[in-house]
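Report on the following structure.
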There are 2 protein chains.
Amino acid sequence: MRADAQRNRIRILVAAEEVFTETGPGASTEEVARRAGVAIGTVFRHFPTKGDLLGAIMKRLLAELIESAGQRGGGEGLFEFFTELTAQASYKRTVVGLLESGGTAVRLPEAVGHLTEAVGGLLSEAQAAGTVSPGVALPEVMALLVSVTHGAVHGGWDAELRERTLAVVFAGLRPH
Amino acid sequence: MRADAQRNRIRILVAAEEVFTETGPGASTEEVARRAGVAIGTVFRHFPTKGDLLGAIMKRLLAELIESAGQRGGGEGLFEFFTELTAQASYKRTVVGLLESGGTAVRLPEAVGHLTEAVGGLLSEAQAAGTVSPGVALPEVMALLVSVTHGAVHGGWDAELRERTLAVVFAGLRPH
DNA sequence: TTCCAAAATGAGTCTCCACTCATTATTCTC
DNA sequence: GAGAATAATGAGTGGAGACTCATTTTGGAA
């Protein structure tokens, strides 16, 4: 790949992550191009469709999440991850949009699958440690993760509301 | 108002409720007109903007919800209402969209306020009956209501997932 | 029945956005 | 440095959807 092409590809990815992270997946490609200091044609040369562009940055964001989940563990790992995701969501609208669609929108079902697996690992560990009720299964944990994260993003919850809402969810997950 | 105008206004409202309920607020005005058997200009004569149309049907749907909340009570009223809303959400995408925006999208903040009040009443009753922990406050209940309802709609949860997810939330609300 | 104000019609405008492509510019190879 | 290949440019296309308005139709008062 030519040097300028390589440079621009990176600029576009950086700009796209910024823009989609701020505005959500609805942001226009034009805005990404402007932010990258590049003509719109250049964006489409590197990423033939908007979905491809979204997919590229999603892959990165998801990988980060999966790694974060993988590094946690023990009785509190699941709770920590949940809290982290909710807090980040307020400035990472894109991830949420992706998770909601199950990855089909940008054809990343396998990446979403990996995240589900990672969360499943955290759940098992927490249940083994006795911090999460054995009656709880992965689907509802993912459902809550996505719902609450989306709620936090869309509703613009402040730190206190986030904490209070998570407190209820966590109390529901713990054995009683 | 002339007889045909009155007839058409009703047709439009019925069609709009159907269309927005199925497809969500993103549905086109054109589709509403088609479903109502009316030209698009007629829709705009009755409701100058799409927001006005949305607002009109939202008002009806919200009123239904508020009434449903008002008819419930006792220790389980809040749980019942929560369950009802989540179940209905799967075919009432619109309400969810409205609730998320706090009513600002269609300028119905007072209606949303009334719903919040009604839920507040249910919460107080439940806490008085000892079925909800006294540490729980209205904001996080509304936050959970909106999040889980949205999740159910957007994620297309089946009855079982809905039940399992609500079980976790309810366990979190009950005293422990 | 007549007549006109109210209402309905739907092709047309406007705006936004994803995506294209002929032209111009930049890199790289020899 | 010349030439070819690769990339960048940005005006242009097409489609979707909200909204308009000149024209036609309809309801109902006199």
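Every chain is numbered from 1, with letters handed out A, B, ... down the list of sequences. Given the structure is predicted, the values throughout are model-derived calculations rather than measurements. Hydrogens, waters and symmetry mates play no part in the numbers below; they use all other heavy atoms, side chains included.
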**Request:** Please state how far atom CZ in B:Arg45 lies from atom C1' in D:dT26, giving the value in whole angstrom units.
**Result:** 12 Å

**Asked** How is B:Ala27 classified with respect to the nucleic acid when contacts are heavy atoms under 4.0 Å: base, sugar-phosphate, or nothing?
**Response** sugar-phosphate

**Asked** In terms of the angle between their ring planes, are B:Phe170 and B:Phe82 parallel, tilted or perpendicular, with boundaries placed at 30° and 60°?
**Response** perpendicular

**Item:** d(CD, B:Glu31; P, D:dA16) in whole Å
**Value:** 14 Å

**Message:** What's the closest nucleotide to the side chain of A:Arg7 if the choices are C:dT27, C:dC17, D:dC19?
**Reply:** C:dT27

**Asked** Of all the choices, D:dT20, C:dT27, D:dA7, which nucleotide is nearest to the side chain of A:Ala3 once you look at every atom?
**Response** C:dT27

**Message:** For a quick test of reading the model: is some side-chain N or O of B:Asn8 closer than 4.0 Å to OP1 or OP2 of C:dA7?
**Reply:** no

**Prompt:** Taking only N and O in the side chain of B:His46, is any of them less than 4.0 Å away from OP1 or OP2 of C:dA8?
**Reply:** yes

**Check ion pair A:Glu140-B:Arg162 (N to O, under 4.0 angstrom)** = no

**Request:** Map B:Pro48 and A:Ala39 onto DNA chain D by nearest heavy atom, then report which one ends up closer to the 5' terminus.
**Result:** A:Ala39

**Request:** Please determine, for the side chain of A:Val38, which listed nucleotide (D:dT9, C:dT9, C:dC19) has the closest atom?
**Result:** D:dT9

**Request:** Would you mind telling me which of C:dA7, D:dA8, D:dT9 lies closest to the side-chain atoms of A:Asp4?
**Result:** D:dA8

**Request:** Among the candidates C:dT9, C:dA18, C:dA6, find the nucleotide nearest to the side-chain atoms of B:Arg2.
**Result:** C:dA6

**Request:** Select one nucleotide: of C:dA6, C:dA18, D:dC19, the one nearest the side-chain heavy atoms of A:Ser28.
**Result:** C:dA18

**Ring-face cation contact, B:Phe79 with B:Arg174, 6.0 Å cut, 45° max** = yes

**Request:** Following the transitive rule for hydrophobic clusters with a side-chain heavy-atom cut-off under 4.5 Å over Ile, Leu, Val, Met, Phe, Trp and Tyr, establish whether B:Leu161 and A:Met142 coincide in one cluster.
**Result:** yes

**Message:** I'd like to know if A:Glu67 pairs up with A:Arg72 as an ion pair, taking the criterion as any Lys NZ or Arg NE/NH1/NH2 lying under 4.0 Å from an Asp or Glu carboxylate oxygen.
**Reply:** no

**Prompt:** Does a side-chain N-to-carboxylate-O contact under 4.0 Å join A:Arg60 and A:Glu64?
**Reply:** no

**Request:** Using a cut-off of strictly less than 4.0 Å, decide whether B:Thr29 has a side-chain nitrogen or oxygen near OP1 or OP2 of D:dG17.
**Result:** no

**Message:** Please say yes or no: joined through hydrophobic side-chain contacts below 4.5 Å, possibly via intermediate residues, are A:Leu54 and A:Phe47 part of one cluster?
**Reply:** yes

**Message:** Distance alone, cut at 3.5 Å: any donor-acceptor contact between the side chains of A:Glu84 and A:Ser68?
**Reply:** yes

**Fill in**
Taken to the nearest whole Å, NZ/B:Lys50 to C1'/D:dG17 is 8 Å

**Item:** Given C:dG10, D:dA11, C:dA7, the nucleotide with the shortest approach to the side chain of A:Ile40
**Value:** D:dA11

**Asked** For DNA chain D, what is the dot-bracket line, given that a base pair needs Watson-Crick (N1 to N3, plus N6-O4 or O6-N4) or G-U wobble (N1-O2 and O6-N3) geometry with both distances under 3.5 Å, and | means paired with another strand?
**Response** ||||||||||||||||||||||||||||||

**Item:** Integer-rounded Å distance: D:dG27 P and B:Arg9 CZ
**Value:** 18 Å

**Request:** Select from B:Gly41 and B:Met1 the residue whose nearest nucleotide in DNA chain D is closer to the 5' end of that strand.
**Result:** B:Gly41

**Request:** Considering just the side-chain nitrogens and oxygens of A:Thr42, establish if one lies under 4.0 Å of OP1 or OP2 belonging to D:dT9.
**Result:** yes

**Asked** Which nucleotide in the list C:dA18, D:dA7, C:dT9 gets nearest to the side chain of A:Phe44?
**Response** C:dA18

